[in-house]
Amino acid sequence: MNRAGGIPVPPGGEDVKVRERLAAATRALSRRRVLAVSTMMLPLAATASCSVPDLLRPPPGLSASVRTLRASITAEQALIGTYQHVIAAYPALAAMLRPFLAQHEDHLAQLKGRVIIPPHVTAPPLPAPSAAAAPAGSPRDALGLLEGAERAAATSQLERLSTAPPAQAQLYASIAASEATHAVALAALSPEAG
């Protein structure tokens with residue numbers, strides 16, 4: 001018995017057409033096997049490798065810099081809320097406090113302008129700022145409340161510097177300097193408000 005393409009051919013049936021058909025059938029069978037095996041092996045290879053292929057990974061979430069920006073935005077909104085609360089409780093302080101409030105609103109706009117969220121990322125809404133503390137019993141106490149809030153905000157901005165990209169670090173440092181200046185100015189205004 002002869003073999004054509006690995007398949008036995010009966011004696012006397014060795015004409016060229018039979019051999020060609022048998023060889024073609026063998027090649028087709030081999031291609032089918034290769035395709036079948038490769039489709040089964042691809043998922044196994046993907047899960048057996050050291051890392052998941054990029055196409056199978058879920059899209060990344062918010063970057064660390066965007067999360068930090070969002071935290072800074074929330075803090076600035078809380079500070080704005082505190083100013084608004086004090087101004088509502090003590091309208092006589094409004095003329096003194098509105099310039100500080102306007103600067104914080106500008107800071108907020110600058111921070112929001114730096115947030116870039118890729119289209120494939122669904123960002124959760126920013127948390128609502130916590131309720132502003134009730135102003136203390138006198139205008140002087142209210143200014144003391146704002147002074148403390150400004151100092152705390154400046155410290156928080158400075159803490160963000162170590163992990164921020166250069167452009168954000170510059171913004172955080174600028175805002176922190178402004179808030180520290182506000183705290184000093186508020187301390188100077190406190191005796192006048194008594």
Side-chain angles (χ1 to χ4, degrees), residues 51 54 57-194:
S51 65
D54 289 340
R57 290 185 185 173
L62 293 175
S63 68
S65 63
V66 171
R67 288 192 306 271
T68 303
L69 267 172
R70 288 167 55 95
S72 188
I73 288 169
T74 301
E76 203 65 29
Q77 287 173 328
L79 197 52
I80 288 170
T82 303
Y83 268 91
Q84 291 169 337
H85 201 65
V86 168
I87 289 171
Y90 299 103
L93 296 177
M96 285 191 291
L97 298 180
R98 285 202 196 286
F100 298 120
L101 178 59
Q103 287 182 5
H104 286 296
E105 288 168 342
D106 182 52
H107 297 161
L108 181 61
Q110 289 179 40
L111 290 165
K112 284 184 173 181
R114 303 254 177 136
V115 176
I116 299 172
I117 298 175
H120 66 275
V121 174
T122 303
L126 284 169
S130 56
S138 71
R140 180 182 292 171
D141 293 337
L143 290 176
L145 172 75
L146 289 172
E147 178 190 350
E150 290 280 11
R151 288 188 193 284
T155 300
S156 293
Q157 292 294 1
L158 290 174
E159 289 171 354
R160 293 181 179 98
L161 292 178
S162 63
T163 58
Q168 282 182 10
Q170 184 179 12
L171 178 59
Y172 297 150
S174 173
I175 292 172
S178 175
E179 291 168 343
T181 303
H182 292 175
V184 171
L186 288 165
L189 291 174
S190 286
E192 297 173 21

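The two residues His107 and Ser178 make their nearest non-hydrogen contact at CE1-OG, 3.2 Å. Of all the heavy atoms in Tyr90 and Gly137, the pair that sits closest is OH-C, 3.3 Å. Smallest separation of non-hydrogen atoms from Ala169 and Leu161: O-CD2, 3.0 Å. Between Ala185 and Phe100, the shortest heavy-atom distance links the atoms CB-CZ, 3.7 Å. Ala183 and Glu147 make their closest contact through O-CG, 3.5 Å (heavy atoms, listed as atom of the first residue, atom of the second, distance). Between Ala154 and Ala180, the closest heavy-atom pair is CB-N, 4.0 Å.
Counting only heavy atoms from C-beta outward, the side chains of Glu179 and Leu79 approach each other to under 4.5 Å. Counting heavy atoms from C-beta outward, Tyr83 and Glu150 have side chains that approach closer than 4.5 Å. Side-chain contact between Leu186 and Leu97: present, with at least one pair of heavy atoms (C-beta onward) separated by less than 4.5 Å. Contact of the Ile87 side chain with the Leu93 side chain is not registered, since no non-hydrogen atoms from C-beta on lie closer than 4.5 Å.
One distance of note links CG of Leu143 with CZ of Arg140; it measures 9.5 Å at 0.5 Å rounding. One distance of note links CZ of Arg160 with OG1 of Thr155; it measures 10.5 Å at 0.5 Å rounding. With rounding to the nearest 0.5 angstrom, the NE2 atom of His85 is 15.5 Å from the CD1 atom of Ile80. Separation of atoms CG (Asp141) and CG (Leu146) is listed at 11.5 Å; rounding is to 0.5 Å. To the nearest 0.5 Å, atoms NE2 (His182) and CZ (Arg151) are separated by 12.5 Å. Note that the CG atom of Leu69 and the OG atom of Ser63 stand 8.0 Å from one another [nearest 0.5 Å].
In this structure, the side chain of Arg114 does not engage the main chain of Leu171 through any donor-acceptor pair within 3.5 Å. Proximity of a side-chain donor or acceptor of Ser174 to a complementary backbone N or O of Gln170 within less than 3.5 Å is not detected. Ser72 places no side-chain N or O within donor-acceptor distance of the main-chain N or O of Thr68, the cut-off being under 3.5 Å.
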Quiz item: Val66 and Ile116: side chain to side chain contact (heavy atoms under 4.5 Å, CB included), yes or no, with the steps?
Solution: CA-CA 7 Å; Val66 171; Ile116 299 172; 5.7 Å; no

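Defined by atom type and a distance below 3.5 Å, a donor-acceptor pair is missing between the side-chain atoms of Gln84 and His104.
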